[in-house]
Amino acid sequence: MMSQGSSPSLLEALSSDFLACKICLEQLRAPKTLPCLHTYCQDCLAQLAEGGHLRCPECRETVPVPPAGVAAFKTNFFVNGLLDLVRARAGGDLHAGKPACALCPLMGGASAGGPATARCLDCADDLCQACADGHRCTRQTHTHRVVDLVGYRAGWYDEEARERQAAQCPQHPGEALRFLCQPCSQLLCRECRLDPHLDHPCLPLAEAVRARRPGLEELLAGVDKNLAELEAARMVEKEALARLREQAARVGTQVEEAAEGLLRALLAQKKEVLGQLRAHVEAAEEAARERLGELEGREQVARAAAAFARRVLSLGREAEILSLEGAIAQRLRQLQDCPWMPGPAPCLLPQLELHPGLLDKNSHLLWLSFENQQSQKDSGKDGAGSQGGEEAQSPREDGAKMERQGAAQPQSRDGAQTPKEDRAQPAQENGAQTPKTDRAQAPREGRSQMPQEDGEVQTAGGGRSNKKRKFKGRLKSISREPSPAPGPNLEGSGLLPRPIFSCSFPTRMPGDKRSPRITGLCPFGPREILVADEQNRALKRFSLNGDYKGAIPVPEGCSPCSVAALQGAVAFSAGARLYLISPDGEVQWRRALSLSQASHAVAAMPSGDRVAVSVSGHVEVYNMEGSLATRFIPGGKANRGLRALVFLTTSPQGNFVGSDWQQNSVVVCDGLGQVIGEYGGPGLHGCQPGSVSVDKKGYIFLTLREVNKVVILDPKGSLLGDFLTAYHGLEKPRVTTMVDGRYLVVSLSNGTIHIFRVRSPDS
């Protein structure tokens with residue numbers, strides 16, 4: 001993308017999609033410019049016009065259609081000039097497969113000219129060698145620039161040809177536009193100048209441009225300033241979101257450490273606090289996404305208008321600039337006057353607090369406090385020993401602090417100190433509002449009974465910058481519902497696996513030319529993983545600690561998509577082929593797959609000597625020699641089709657688990673294709689199911705990329721609940737795999753890999 005403030009080159013304008021209509025995706029025909037400075041074909045705009053208005057397909061701005069129809073929109077002379085140059089370079093009349101001379105038919109009555117070898121940039125005519133020599137010898141054309149036709153077609157003379165172009169008058173063919181009528185603000189040729197503009201003050205185009213260019217440049221500078229402010233606001237918003245996620249991960253670890261020594265009966269309270277944290281993070285992320293979306297939308301609109309104005313001022317001829325001057329000025333003023341979003345809204349960072357009654361089963365032992373990010377920065381400056389207020393304190397220090405504050409809290413009937421009951425709306429501070437508490441009641445249905453105290457709002461510290469909120473209630477997500485909760489027998493007893501964060505590392509290596517796009521993961525050897533980086537055409541090896549172990553060579557031109565490790569070999573799909581290679585990159589065999597599918601998911605069978613691949617609704621299994629061992633349709637329905645784009649896995653019990661995009665569900669079937677279980681309920685949040693992995697006990701881990709979640713299902717495909725969420729640092733998870741049956745490896749869309757240890761409930 002062109003950087004802010006830089007002027008585009010003619011080559012960029014000719015080679016980019018600037019001359020393509022964003023509606024029909026073809027080269028612009030009769031280009032018309034809307035008031036928002038977006039240009040489309042006249043016929044395409046006519047199809048969009050409805051009820052006297054049309055909506056711009058790019059910025060979605062509603063534009064009134066002139067009474068005379070879309071033909072009355074301003075003609076884009078700037079684009080017309082560039083299109084004339086492109087057409088002249090690309091073609092012309094052909095004779096014997098070559099361009100024909102334009103002058104030969106005018107002499108001697110020849111029906112067609114000879115092969116052209118040169119071009120006159122002033123006349124815009126292709127010439128044969130004889131006509132080109134004569135063109136240089138006449139009094140009227142001896143100053144014309146005649147160039148080699150091959151070089152002209154190759155673009156060597158684009159800049160020079162552009163300088164010699166002249167906009168033609170639409171009313172008087174053959175006459176160039178030369179004047180600007182100041183009262184009418186209309187471009188005129190010599191014929192137009194005589195009547196009816198004879199008595200009007202007119203200026204030559206060059207002089208008129210010199211007079212009006214400073215005003216446009218001043219408006220453009222104002223929009224550039226606004227763009228800089230928008231970009232700065234967007235970066236601040238992203239930094240605030242990153243700090244929130246980092247702190248949320250830190251607090252999550254504290255929650256895990258504080259809950260390690262507690263009795264099984266207190267697990268329900270710990271899950272409730274984690275639900276509060278998840279709901280707060282999701283609510284804050286949703287609000288931040290909305291603000292980012294608004295900032296990016298305004299930035300895109302302003303940047304597109306500025307880029308168009310800059311192209312016109314840099315590359316346009318005088319007539320073209322003046323024809324668009326009014327529309328550009330109006331749009332830039334409109335953008336300058338547009339109110340820009342203020343600074344980022346206050347974001348409350350969660351803090352873990354421990355209650356002194358750690359051994360009291362009837363008291364809440366964990367709850368969250370939230371601190372404004374700005375307050376955290378101020379306290380960090382005042383006290384270098386405290387990191388962002390109190391988040392650096394250990395759980396034991398938090399408990400000691402609460403013991404000191406215990407005398408100020410009312411006691412319950414049994415003598416335990418508990419927070420006050422307050423069912424009013426959460427308090428507000430500095431205009432920030434905590435998520436409302438009406439939505440999270442639904443996930444509690446069907447769970448075992450738990451204490452019902454609602455939130456208390458306390459303030460600690462004397463200054464405003466040290467003010468905190470401690471909510472011991474139920475914080476609600478304002479956008480995304482938690483996954484349907486499991487039954488009381490699982491939720492209350494703690495029988496579900498839990499994630500323990502292990503490490504995180506990037507996969508981009510010094511030799512990579514592009515940002516990684518991870519499309520496949522699989523275990524590879526003891527405590528190693530194999531990463532398929534489709535963007536860099538590489539199979540990379542990493543340890544579970546993030547150490548890079550090298551790469552497995554792939555055939556030239558192959559972009560590995562899905563990958564699986566077998567006994568002494570690696571299978572991967574690339575395009576419409578399945579490859580089996582040795583660890584040193586030697587191709588052992590390749591098989592052609594269906595061309596109707598963009599990518600194919602592969603998975604190693606538990607025995608390690610066969611590989612399964614999804615092909616157009618079927619599952620095909622190949623042995624180490626490349627022979628087809630079996631082929632079946634899951635459930636026997638030819639129209640089912642396991643996910644055609646990437647994901648398929650096998651369980652230790654020999655079952656197949658796949659993401660079915662046609663039925664929008666997760667399907668589990670045995671080795672014969674008989675369906676054992678299937679899930680497509682509300683726990684998918686309306687998303688298409690993504691990557692699937694299975695642990696050693698058969699639990700299924702399903703990725704939901706759109707909502708930043710990994711949910712867990714039982715071996716028969718019944719939903720059990722959320723396993724990983726945005727609270728764990730997930731941002732657009734892409735592919736997962738299970739290593740040694742107890743390490744879940746999750747790749748993100750930015751090329752980062754997170755590794756979580758799956759802690760079984762009986763460990």
Side-chain angles (χ1 to χ4, degrees), residues 8 10 12-92 124 162 165-177 180-181 184-189 191-192 205 300-301 304-313 315-332 334:
L10 180 61
E12 290 175 347
L14 295 178
S15 59
S16 68
D17 60 352
F18 180 68
L19 299 181
C21 175
K22 300 303 187 298
I23 299 176
C24 64
L25 303 180
E26 297 181 358
Q27 194 175 81
L28 286 162
R29 298 182 299 273
K32 295 292 181 178
T33 300
L34 301 180
C36 59
L37 302 187
H38 292 126
T39 301
Y40 306 99
C41 302
Q42 178 176 321
D43 293 340
C44 294
L45 289 177
Q47 297 176 9
L48 296 181
E50 183 177 354
H53 293 81
L54 62 82
R55 177 172 290 184
C56 176
E58 293 182 71
C59 67
R60 313 305 296 169
E61 183 171 329
T62 301
V63 178
V65 178
V70 295
F73 282 122
K74 274 192 171 294
T75 299
N76 195 325
F77 286 108
F78 172 58
V79 170
N80 271 336
L82 297 179
L83 288 173
D84 289 342
L85 185 59
V86 171
R87 295 189 190 105
R89 280 175 47 183
R162 179 68 176 150
Q165 269 187 330
Q168 300 298 312
C169 177
Q171 281 80 30
H172 303 94
E175 287 291 336
L177 296 173
L180 172 70
C181 177
C184 304
S185 189
Q186 182 177 344
L187 299 176
L188 309 175
C189 67
E191 295 292 334
C192 297
L205 297 185
Q300 183 178 4
V301 170
F308 179 83
R310 189 172 287 108
R311 278 194 176 100
V312 172
L313 292 177
L315 306 177
R317 304 295 296 164
E318 293 87 352
E320 298 164 354
I321 294 175
L322 294 173
S323 69
L324 295 174
E325 181 261 348
I328 293 176
Q330 179 182 355
R331 183 59 172 171
L332 296 182
Q334 181 183 4

> Is it the case that the side chains of Tyr40 and Gln47 hold a donor-acceptor pair, with the cut-off being a distance below 3.5 Å and no angle test?
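No - no donor-acceptor pair under 3.5 Å links their side chains.
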> Can you tell me how far the CG atom of Leu205 sits from the CD atom of Glu320, to the nearest 0.5 Å?
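The distance works out to 10.5 Å.
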> If the condition is salt bridge (charged side-chain N to carboxylate O under 4.0 Å, His left out), which residues does Glu191 pass it with, not counting sequence neighbours?
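Scan of Glu191 (salt bridge (charged side-chain N to carboxylate O under 4.0 Å, His left out), adjacent residues dropped) gives none.
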> Looking at Phe73 and Thr33, what are the two nearest heavy atoms and their distance?
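Answer, listing the atom of Phe73 first, then Thr33: CB-O, 4.0 Å.
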> Write down the atom of Ala319, the atom of Leu187, and the distance for their closest heavy-atom approach.
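Result for this residue pair: O-CD1, 3.0 Å.
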> With the side chain counted from C-beta on, respond yes when Cys192 and His172 share a heavy-atom pair under 4.5 Å apart, and no when they do not.
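In contact.
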> Does CD belonging to Glu61 count more than 12 external heavy atoms closer than 6.0 Å?
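More than 12 heavy atoms, drawn from other residues, nucleotides or ligands, come within 6.0 Å of this atom.
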> Give, for atom CG of Leu45 and atom SG of Cys56, the distance between the pair rounded to the nearest 0.5 Å.
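These two atoms lie 9.0 Å from each other.
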> Could you give the distance from CZ (Arg311) to CG (Leu313), rounded to the nearest 0.5 Å?
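That separation rounds to 12.5 Å.
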> Return the CD1 to CD distance between Ile23 and Glu58, rounded to the nearest 0.5 Å.
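That separation rounds to 8.5 Å.
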> Decide yes or no for Val312 and Leu37: does some side-chain heavy atom of the first lie under 4.5 Å from some side-chain heavy atom of the second?
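Val312 does not reach Leu37 side chain to side chain.
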> If I compare all heavy atoms of Val65 with all of Leu54, which pair ends up nearest, and what's the gap?
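Scanning both residues completely, I find the closest heavy atoms to be CG2-CD2, 3.9 Å.
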> State the CG-CG distance between Asp43 and Leu48, to the nearest 0.5 angstrom.
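Interatomic distance, Asp43 CG to Leu48 CG, rounded to 0.5 Å: 11.5 Å.
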> Check whether any side-chain heavy atom of Pro57 lies under 4.5 Å from a side-chain heavy atom of Lys22, and answer yes or no.
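Sidechains of Lys22 and Pro57: no contact.
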> For the atom pair CZ (Arg29) and SG (Cys21), what is the distance rounded to the nearest 0.5 Å?
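With rounding to 0.5 Å, CZ (Arg29) is 7.5 Å from SG (Cys21).
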> For the side chain of Lys74 and the backbone of Ser323, is there at least one donor-acceptor N/O pair under 3.5 Å apart?
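It does hold such a pair.
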> Give the minimum heavy-atom separation between Arg331 and Ala305, together with the two atoms involved.
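Shortest heavy-atom separation between Arg331 and Ala305 comes out as CG-CB, 4.1 Å.
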> Restricting to non-hydrogen atoms, name the atom on Ser185 and the atom on Leu180 that form the minimum distance, rounded to 0.1 Å.
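Shortest heavy-atom separation between Ser185 and Leu180 comes out as C-CD1, 3.9 Å.
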> I'd like to check Ile321 versus Ile328 (side-chain heavy atoms, cut-off strictly below 4.5 Å). Are they in contact?
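The answer is no, as the side chains (C-beta and beyond) never meet within the 4.5 Å cut-off.
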> Looking only at side-chain N and O atoms, does Thr39 offer a donor or acceptor that is under 3.5 Å from a partner on Lys32?
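There is no such pair between these side chains.
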> Which atom pair, heavy atoms only, marks the closest approach of Ala20 to Leu28?
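So the minimum-distance heavy-atom pair works out to C-CG, 4.1 Å.
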